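As structure tokens, the structure follows; a few thoughts come after it.
Only a predicted model underlies this, so the values are computations on that prediction, with no experimental measurement involved. In what follows, chains are A, B, ... by sequence order, proteins preceding strands, each numbered from 1.
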Number of protein chains: 2
Amino acid sequence: METIEQILESKNIRVTAMRLLIYKFLAENQVAATLSDVENAFEKADRTTLYRTVKTFVERDIVHQIDDGTGIVKYALCEQNCSCEIETDLHLHFHCNNCNETVCLTEHKIPKIKVPDGFVSENINLVVKGMCDKCSGQ
Amino acid sequence: METIEQILESKNIRVTAMRLLIYKFLAENQVAATLSDVENAFEKADRTTLYRTVKTFVERDIVHQIDDGTGIVKYALCEQNCSCEIETDLHLHFHCNNCNETVCLTEHKIPKIKVPDGFVSENINLVVKGMCDKCSGQ
DNA sequence: AAAATAGATGCATTGGAAGTGCATTATTGC
DNA sequence: GCAATAATGCACTTCCAATGCATCTATTTT
């Protein structure tokens with residue numbers, strides 16, 4: 001089991017108190033978090049720091065960015081060994097229209113998508129919307 | 001062939017000069033348009049009017065809203081008889097990372113997506129990103 | 001046809017989120 | 001410990017979405 005310190009070091013970014021806290025926060029959360037969520041969790045910290053920390057995490061493939069159609073970007077930790085940029089590794093996201101939460105369905109990979117001739121597919125964003133298990137009442 | 005007037009009337013919204021113009025603009029455009037695009041096309045008109053006109057179109061299923069991950073919502077006319085809200089009718093969108101244009105691939109329907117027990121799928125948003133036919137150089 | 005009502009448009013303004021420049025503080029390597 | 005580098009915090013800007021209210025236009029009612 002890798003420690004958070006080791007994960008950060010392996011990505012060549014410095015281990016700081018702030019980064020450890022934000023990592024832990026994202027790890028404890030089952031659902032994808034917005035920047036506001038992070039801000040609310042760390043009210044003493046500056047917005048910019050949180051913003052740039054998360055941005056660094058995204059650049060180093062520690063967290064991936066989710067666009068669930070709400071217009072607000074959400075963030076979630078990548079799986080161990082996940083390579084977000086590789087098309088075949090992409091999982092799908094579920095956005096609940098009721099509770100507004102977005103979760104990663106990591107076990108559900110995105111099926112192969114055909115595009116017309118001349119189009120080159122590099123990346124796929126797939127968001128399923130509806131009612132999550134908690135809200136559908138079972 | 002339905003006229004634009006008939007289309008608007010069938011959706012129970014009033015036919016106005018502005019609405020006809022915006023409809024025509026969207027119909028002539030192959031690519032999905034942002035609100036800024038609409039604003040640039042009708043510089044004499046007020047931003048709010050354009051904003052609300054497009055919003056009305058979305059509410060009445062005349063245009064559909066596309067979230068291609070750029071953070072800026074784009075709009076495109078629905079196909080004739082399209083029922084955006086019905087899952088089986090959903091087509092996919094292609095966003096070109098090079099020219100930043102987004103097109104509807106209306107002939108490419110979204111494959112059936114399985115979600116875990118307890119989750120109820122109501123809608124699917126699928127955006128493929130990469131290079132479009134114009135930019136891939138063929 | 002005139003009055004009453006509903007809807008569309010325009011102006012001003014607000015709010016929220018993303019992003020940046022710069023000074024300050026902390027961390028690392030020597 | 002010192003210099004170099006990176007992280008953090010503050011102030012500010014920009015961009016887009018959204019709304020309240022006044023005005024204008026069109027439809028409906030009598």
Side-chain angles (χ1 to χ4, degrees), chain A residues 4-26 32-60 62-76 95 100 102, chain B residues 4-26 32-60 62-76 95 100 102:
Chain A
I4 302 178
E5 282 88 344
Q6 287 170 331
I7 293 170
L8 296 185
E9 278 164 7
S10 74
K11 302 287 186 178
N12 288 314
I13 61 172
R14 286 189 186 165
V15 178
T16 67
M18 202 65 249
R19 285 174 179 170
L20 290 173
L21 285 171
I22 293 177
Y23 191 101
K24 268 182 207 149
F25 171 74
L26 291 172
T34 65
L35 244 186
S36 304
D37 293 337
V38 180
E39 281 174 51
N40 292 336
F42 303 99
E43 292 191 331
K44 327 114 202 174
D46 186 75
R47 244 180 43 77
T48 315
T49 305
L50 302 173
Y51 169 73
R52 284 199 262 237
T53 300
V54 172
K55 202 178 174 191
T56 303
F57 282 3
V58 171
E59 284 164 359
R60 302 302 169 98
I62 294 168
V63 314
H64 62 273
Q65 212 164 329
I66 307 166
D67 190 348
D68 62 9
T70 55
I72 299 161
V73 181
K74 294 183 180 176
Y75 304 94
H95 175 75
N100 203 32
T102 298
Chain B
I4 303 177
E5 283 88 344
Q6 288 171 332
I7 294 170
L8 296 185
E9 277 164 6
S10 74
K11 302 287 185 177
N12 287 316
I13 60 172
R14 286 188 187 166
V15 178
T16 68
M18 203 64 249
R19 286 174 179 170
L20 290 172
L21 285 172
I22 293 178
Y23 191 102
K24 270 183 206 148
F25 171 74
L26 293 172
T34 65
L35 244 188
S36 304
D37 293 336
V38 180
E39 280 174 51
N40 293 336
F42 302 99
E43 293 190 329
K44 326 116 205 174
D46 186 76
R47 267 179 53 77
T48 315
T49 305
L50 301 173
Y51 169 75
R52 285 199 263 236
T53 300
V54 172
K55 202 176 175 193
T56 302
F57 282 1
V58 171
E59 283 164 0
R60 302 300 170 98
I62 294 169
V63 315
H64 62 273
Q65 211 164 330
I66 307 166
D67 191 346
D68 61 11
T70 55
I72 299 162
V73 181
K74 294 183 180 175
Y75 304 93
H95 174 74
N100 203 32
T102 298

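Straight-line distance from the CZ atom of B:R60 to the C1' atom of C:dA8: 13 Å, rounded to whole Å. A straight line from CG of A:L21 to P of D:dA7 spans 16 Å, rounded to a whole angstrom. Remark: C1' of D:dA6 and CG of A:L8 are 14 Å apart, rounded to the nearest angstrom. For A:D46 and C:dC22, the CG to C1' distance is 13 Å, given to the nearest whole Å. Straight-line distance from the CZ atom of B:R47 to the C1' atom of D:dT19: 12 Å, rounded to whole Å. For A:E43 and D:dT8, the CD to C1' distance is 18 Å, given to the nearest whole Å.
Applying the 4.0 Å criterion to OP1 and OP2 of C:dA17, one finds that A:S36 has a side-chain N or O inside that range. For D:dT8, the OP1/OP2 oxygens have a side-chain nitrogen or oxygen of A:T16 closer than 4.0 Å. One finds no side-chain N or O of A:R14 lying less than 4.0 angstrom from the OP1 or OP2 phosphate oxygen of C:dA26. Listed pair A:T49 / D:dG9 meets the phosphate criterion, a side-chain N or O lying under 4.0 Å from OP1 or OP2. Regarding contacts with the backbone of D:dA7, every side-chain N or O of A:T53 stays at 4.0 angstrom or more from both OP1 and OP2.
The residue B:R52 sits close to a base: some heavy atom pair falls under 4.0 Å. Residue B:R19 is classed as a sugar-phosphate contact, given heavy-atom separations below 4.0 Å to backbone atoms only. Among the protein residues, A:T56 comes within range of no part of the nucleic acid, since none of its heavy atoms lies under 4.0 Å from any strand. Residue contacts shown for B:T48 include a base, since a base heavy atom lies under 4.0 Å away.
Formation of a donor-acceptor pair under 3.5 Å by the A:R19 side chain with backbone atoms of A:T53 is not found in this model.
Across A:D68, A:D67, A:T34, a single residue satisfies side chain to side chain donor-acceptor pair (under 3.5 Å) together with A:K74, and that is A:D68.
In this structure, the nucleotide among C:dA18, C:dT20, D:dG9 sitting nearest to the side chain of A:V73 is C:dA18.
Across every non-hydrogen atom of A:L50 and A:F42, the tightest pair is CD1-O, 4.1 Å. A pairwise comparison of heavy atoms in A:K11 and A:R60 identifies O-NH1, 3.0 Å as the closest pair.
Between atom CD1 of residue B:I22 and atom CD1 of residue B:I4 there is a gap of 11.5 Å, rounded to the nearest 0.5 Å.
Between A:I13 and B:Y51, the residue anchored closer to the 5' end of DNA chain D is A:I13, taking for each the nucleotide with the nearest heavy atom.
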